[in-house]
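Basis for what follows: all heavy atoms, side chains included, without hydrogens, waters or symmetry-related copies. The chains referred to below are lettered A, B, ... by the order of the sequence lines, with proteins before strands, and numbering in each begins at 1.
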Amino acid sequence: MMEEELRPAPNRGGDKETRKGEIETMTQNLSEERAQDSGGLISLAGLNAFYGEQKVLTDITLSIARNKITVFMGPSGCGKTTLLRTINRMNDGVRNFRVTGQVLLDGTDVYSPEVDPILLRTKVGMVFQKPNPFPISIYDNVAFGPRIHKLTKSKSELDQVVRASLEKAALWDEVGTRLSKSALELSGGQQQRLCIARALAVKPEVILMDEPASALDPGSTTRIEELLVELKENYTVVLVTHNMQQAARVGNSVAFLYKGDLVEFGPADEIFQNPKNPLTEKYIRGVL
Amino acid sequence: MRLMDMGLDQLNSLLVEMAQLSQSAVSASMEAYRRGGKGKEVKQMSDRLRALHRQVSDLSVEMIARYQPVASDLRFLKACMEISYGFFRYGRYALDIAEVLQVFGDLSKCDHESVVTTAQKTQEMIRMSVDAFARRDVELARKIPSLDDAVDSSYRDNVKSTLQGKGDVRCALSSMLILRYLERIADHATYIGEMVEYISTGVEPDASPGN
């Protein structure tokens, strides 16, 4: 006669059950990861950036945690790509570009005169929006960095680095038997993973990624996202995206930028469920 | 207006209908108790609430799949599913009360005071939860738990009294069952209030034992 509860009801009278059911991602429990935060590898302190007279970043201060994925998110023109490129001085060659403030990598200011930007870029690798393999063989693409930086002493050691890099980029199984083929024969998703392998081959600590999946189909995007989550075990990843779902899927921390200002920076689950700043709320809900 | 807003409006309409219907169902069952009726009309209301709860769940899941909502949109959808369940349970407990009336028969010689007094408090909690949701009134939602203790006490006192074995068994058992259902309704009202607060503030209801 009396129907049982379809599921446990909230019990205010004593034997209360803990309510479960919060979203857990396939690959990670963000709360646990926050508790195990291993500290900042990169610190941006009072960073301003200018193209000529135009100020494009204003007083950015944030800490990027080691072995985590930190996402820079915001509308087009907000400065997220510029911010990313300040970390390994990729804008050094841009005419009239200048920065003030500090970008500290493991405590060293990357803009100090003693820092060689070429060496810096071996520590802080970069993957771009559009896959940009060199028009040479798959092998030579990956071997390119170790060769010019003289990171290996023998052919067999170089072979090992190429294979290990392709394995880390989840590409070895697909190309291991055709390394001498042109990289341009690969699909878009494979080309992007090749570019990631190329970045890994010089043994970086940090990988900067600027919209790495925006030109890829959903299947290739999934592969890249899975790869990002695997890579953070050994690398610190900084990702620029305006794909909020991607930021939510893979990000540990998210920085929201708007018109050159850092509006909000926090754990991804908090940013996407309960943002503190109304601008963040409007942006992620698509009403900004 | 975003595409998602049409779905959110539809969800809101469904919940407003559920709020009104669940309130009516509990009122009808308690009115039957007071007047010696059977509350047979409650069955139809409870069935309708079950169907509406299903619609809310289906629409919420569809919207998550289609629009991948975030922030206050996501919180609203989560809260809608929880609040819908609460309204559905109001209706189901109203039906349970009506079934007590049908199974136990004539209760006119029983002392109704404790049940009627507790029902008034519970119905006030329902009204507050419905109004708090309709107006997204966090202050009102926060007042709901203050009535919950009185409902809990009434139920516990009745259980103790029943265990002493005094009085008519039919009256004692029917009162205890109805008070139990009212106590459960009151808990759902409290939880609905917490979800109204969650929509606005993002603060999750405290699920620690003892709360």
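Without hydrogens or angle criteria, B:Arg75 side chain to A:Gln273 main chain gives a donor-acceptor distance under 3.5 Å. The backbone N or O of B:Ser72 sits less than 3.5 Å from a side-chain atom of A:Glu281, completing a donor-acceptor pair.
Counting heavy atoms of neighbouring residues, nucleotides and ligands inside a 6.0 Å radius, atom CZ of B:Arg66 does not exceed 12 of them. In this structure, B:Arg54 places its CZ atom where only 12 or fewer heavy-atom neighbours from other residues, nucleotides or ligands lie under 6.0 Å away. Heavy-atom neighbours of B:Lys38 NZ from other residues, nucleotides or ligands within 6.0 Å: above the threshold of 12. Atom NZ of B:Lys40 has 12 or fewer heavy atoms from other residues, nucleotides or ligands within 6.0 Å.
Closest non-hydrogen pair, A:Ile284 versus B:Ala71, comes out as CD1-CB, 3.6 Å. The minimum heavy-atom distance between B:Val70 and A:Arg285, with the atom names listed, is O-CG, 4.0 Å.
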